[in-house]
2 protein chains.
Amino acid sequence: MTPFEAVAEPSRRAILDILRAGERPAGDLVAALALSQPGVSKHLKLLREAGLVSVRADGQRRLYRLQPQGLKELEAWLAPYRHFWADRLAALGDHLERDQ
Amino acid sequence: MTPFEAVAEPSRRAILDILRAGERPAGDLVAALALSQPGVSKHLKLLREAGLVSVRADGQRRLYRLQPQGLKELEAWLAPYRHFWADRLAALGDHLERDQ
DNA sequence: CATAAATATTCTCTTTTAGTTATATTTCTG
DNA sequence: CAGAAATATAACTAAAAGAGAATATTTATG
């Protein structure tokens, strides 16, 4: 699963948003997400496979942590679009490079 | 369809990437995309519904144009993650705000 | 006006996704 | 060591996504 697909699902974005504040046990995410425990567990598995989070064991808990490097791919794709909405100067540049 | 879902599909990203260079007829996109004409047409419809492209008629052609404002939502979501990989100072900030 | 060109729409099929319930696994605790 | 707590996995279901073939629609052209 690519980061693009991983991030397309709202619950998975919510998980990442929570993990921005720091490492959290799976249970916290279940509590936050209006989803069944297995449902959250599966999303976490996908996020792991996409390289967007990592886990470590802490007793019977699993602590999930954001692995933000995985988002670089998204960032890299988006980068060339950024100047389109940046400012008027960029809009001019856009116009100039159009239909070359 | 949200911009997130729209952009999750590789052919649709390819379409947007092509349109960055400027307005293009649907046929050009079909030629570029190793996909059937109806397949491309359907992706274009989804991109239109997601607000990422616009169309105008030109005779029997349909000229598609990038509508980059739609990507702002993606950009906005991604923004708070950017500092995670920006540089060492950001990494420190990340560490400090963790587990608050 | 008949045909061609460009594109959209419909139908059908297959695969994937997201969700649930039930069950298994692991670790902690009395 | 028995039961509880936390999480993962399995099995199943329903809905959605993506693709192709066939067809419709619209506009241009001889």
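The analysis underlying the following values was restricted to heavy atoms, covering all of them including side chains, and did not include hydrogens, waters or symmetry mates.
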Note, Leu52(A) side chain near Leu71(A) side chain (heavy atom, < 4.5 Å): yes
Non-hydrogen side-chain atoms of Leu47(B) and Gln67(B) separated by less than 4.5 Å: no
Calculate the interatomic distance between [X] atom [atom1] and [N] atom [atom2]; express it in whole Å.
{"X": "Leu63(A)", "N": "dA6(D)", "atom1": "CG", "atom2": "P", "answer": "13 Å"}
{"X": "Met1(B)", "N": "dT17(C)", "atom1": "CE", "atom2": "C1'", "answer": "13 Å"}
{"X": "Lys42(B)", "N": "dC13(C)", "atom1": "NZ", "atom2": "P", "answer": "14 Å"}
{"X": "Asp28(A)", "N": "dA5(D)", "atom1": "CG", "atom2": "P", "answer": "17 Å"}
{"X": "Leu35(B)", "N": "dA21(D)", "atom1": "CG", "atom2": "C1'", "answer": "14 Å"}
{"X": "Arg62(A)", "N": "dT26(C)", "atom1": "CZ", "atom2": "P", "answer": "9 Å"}
{"X": "His43(A)", "N": "dT9(D)", "atom1": "NE2", "atom2": "C1'", "answer": "16 Å"}
{"X": "Lys45(A)", "N": "dT9(D)", "atom1": "NZ", "atom2": "C1'", "answer": "7 Å"}

Pair of N/O donor and acceptor under 3.5 Å linking dA6(D) base with Gln37(A) side chain: no
Under 3.5 Å donor-acceptor pair, Glu9(A) side-chain atoms to dA18(C) base atoms: no
Sugar-phosphate only, base, or nothing, as touched by Gly27(A) at under 4.0 Å among non-hydrogen atoms: sugar-phosphate
Touch class at under 4.0 angstrom, heavy-atom based, for Pro25(A) against every strand present: sugar-phosphate
5′-ward residue of the pair Leu46(A)/Ala57(A) relative to DNA chain C: Leu46(A)
5' priority, DNA chain C, between Glu5(A) and Arg48(B) [closest heavy atom]: Arg48(B)
Arg24(B) side chain to Leu19(B) backbone, donor-acceptor under 3.5 Å: no
Taking only side-chain nitrogens and oxygens of [X], does any of them come within less than 4.0 Å of OP1 or OP2 of [N]?
{"X": "Tyr64(B)", "N": "dA8(C)", "result": "yes"}
{"X": "Arg61(A)", "N": "dT26(C)", "result": "no"}
{"X": "Ser36(A)", "N": "dT20(C)", "result": "yes"}

Nearest to side-chain heavy atoms of Ala26(A), which nucleotide of dA22(D), dT21(C), dT7(D): dT7(D)
Ring centres under 6.0 angstrom apart (Tyr81(B), Trp77(B)): yes
Residue closer to the 5' end of DNA chain D, Gln60(A) versus Leu44(A) (nearest nucleotide): Gln60(A)
Under-4.0 Å salt bridge between Arg20(A) and Asp17(A): yes
